[in-house]
There are 2 protein chains.
Amino acid sequence: MNTLSYGLLSLLAQSSYSGYDLMLRIQPFWPAKHSQIYPLLAKLEQEDYIRFELVPQRDKPDKKVYSLTGKGQEALKDWFDQPTAEPALRDEMMLKVFCMSYADRESARKMLADRLAYHKEQRRKYEHKLAELKEREGWPEAGLPAPSHPLFGAYLLTRKAIMSNETNTEWCKWVLSLLPEAD
Amino acid sequence: MNTLSYGLLSLLAQSSYSGYDLMLRIQPFWPAKHSQIYPLLAKLEQEDYIRFELVPQRDKPDKKVYSLTGKGQEALKDWFDQPTAEPALRDEMMLKVFCMSYADRESARKMLADRLAYHKEQRRKYEHKLAELKEREGWPEAGLPAPSHPLFGAYLLTRKAIMSNETNTEWCKWVLSLLPEAD
DNA sequence: TTCCTATATGTAAATATAGACATATAAGCT
DNA sequence: AGCTTATATGTCTATATTTACATATAGGAA
């Protein structure tokens, strides 16, 4: 049981999902390809942490909808109380910034403009997710979901993503302001 | 040549470092163990991107001090103009937050308090690095280093780290305020 | 019609990363 | 005297992760 496994269980604690859904939803928190997810789900199913139901679909391939077993729920609780690993950020751009004084002004500006566009697109997605959350049944009519609310965690994470997004956007704009166009 | 390789070249563009130094300095931007760094440096040296000088030391083991070759400098410039990969953040805590509504209040508070302590310690290190930068020779007496200054990138990255640190700290405190102690 | 994207699931091979084993010196702690 | 930490470099093995190969249906774009 590695961290990604627990991440999948954690998502399944909130709702049942197909492997494809899980793959898409875990991206913002733990990037992984489907080639890593599917074998892991098969292993978790074999070891009785999760089970699946085959759901035939029209217009789309059939899917396996996974849900937590009792053993899975217990594993999740045990994991929660274990020490948490430090976050690991790997960003090629930060490595490039290190040698920025040796690069062309235009190259540097382009790199930052690209990152800014990336953040803008991400921001759009986060706002969409927030709107989606607020339409989910059980969402409180006023204020935030309580800590016991199943959507509490998802809400906190979306807020976190938006906060980080704003900070990163601000940083990119600041750096661009230090690199005036050389027209 | 993978991203870590370019990261090492990027650090060496700024100054000469031993493998041990490189390992320590690249951590905030691209976490890697010495067991990954040393073989990579040997490969980069074999392929003439970097060279080293054996430096005997008293009181400490001898070291290899690496520096960029002309080929390394060219590779760095070419890399800079290539499209930059998206950042990848892997944080076990974010996965735990997803299922936080199913965990004990105390466990959740402990997790966040631990993270807060981690951020505080990191903040101390970043401030130290900033102070260190300002003592380096060539640092401008007033204002920021110019974009052409060799320390420009390091300064931008330290500022970025501090900004993110503040945002993450703020988020942790906000979540803790939503989880009052159940004394 | 051909290409690309999204949905959906899988496997095989290559690469990246982490953990353990190995060695050496010196300082500080118990 | 033995333990831990920091400096310093390396290898070997296990695991994690990515890339490529595979297949199937449907919709939209060119």
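Naming convention: chains lettered A, B, ... in sequence-line order (proteins, then strands); numbering from 1 in each chain.
Note: CG (A:Leu24) to P (C:dT5) measures 15 Å, nearest angstrom. Note: CG (A:Leu40) to P (C:dT11) measures 12 Å, nearest angstrom. Protein atom OH of B:Tyr38 is 19 Å distant from nucleotide atom P of C:dA20, rounded to whole Å. One interatomic measurement links the two molecules: CD1 of A:Ile37 to C1' of C:dT9, which rounds to 13 Å at whole-angstrom precision.
Mapping heavy-atom proximity under 4.0 Å, the span of DNA chain D touched by chain B runs 5' to 3' from D:dA6 to D:dT18.
Side-chain contact check for A:Asp81 and B:Ser107: at least one donor-acceptor pair (N or O, by modelled atom type) lies under 3.5 Å. Counted by atom type alone, B:Lys96 and A:Thr84 present one or more donor-acceptor pairs between their side chains at under 3.5 Å.
Of all the heavy atoms in A:Lys64 and A:Leu54, the pair that sits closest is CG-CD2, 4.0 Å.
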For A:Phe29 and B:Phe98, run ring pair (Phe, Tyr, Trp, His ring centres under 6.0 Å): C-alpha distance rounded to whole Å, both residues' side-chain angles, the deciding distance at 0.1 Å, then the answer.
CA-CA 10 Å; A:Phe29 312 110; B:Phe98 235 112; 5.2 Å; yes
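Between A:Arg105 and A:Glu181 there is no salt bridge, since no side-chain nitrogen of the basic residue lies less than 4.0 Å from a carboxylate oxygen of the acidic one.
The number of heavy-atom neighbours closer than 6.0 Å to CD of A:Glu106, taken from other residues, nucleotides and ligands shown, is 12 or below. For NZ of A:Lys71, the number of neighbouring non-hydrogen atoms (other residues, nucleotides, ligands) closer than 6.0 Å is greater than 12.
In this model, the phosphate group of C:dG10 is approached by a side-chain N or O of A:Lys64 to a distance below 4.0 Å at OP1 or OP2.
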Mind listing the N/O atom pairs, protein and nucleotides 16-18 of chain C, below 3.5 Å?
from, atom 1, to, atom 2, distance (Å)
C:dA16, OP1, B:Asn2, ND2, 3.4
C:dT17, OP1, B:Trp30, NE1, 3.4
C:dT17, OP2, B:Gln36, NE2, 2.7
C:dT17, O5', B:Gln36, NE2, 3.3
C:dT17, O3', A:Arg90, NH2, 3.3
C:dA18, OP1, A:Arg90, NH2, 3.4

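Cation-pi geometry between B:Lys160 and A:Trp171 is met: the NZ or CZ atom falls under 6.0 Å from the ring centre, inside 45° of the normal.
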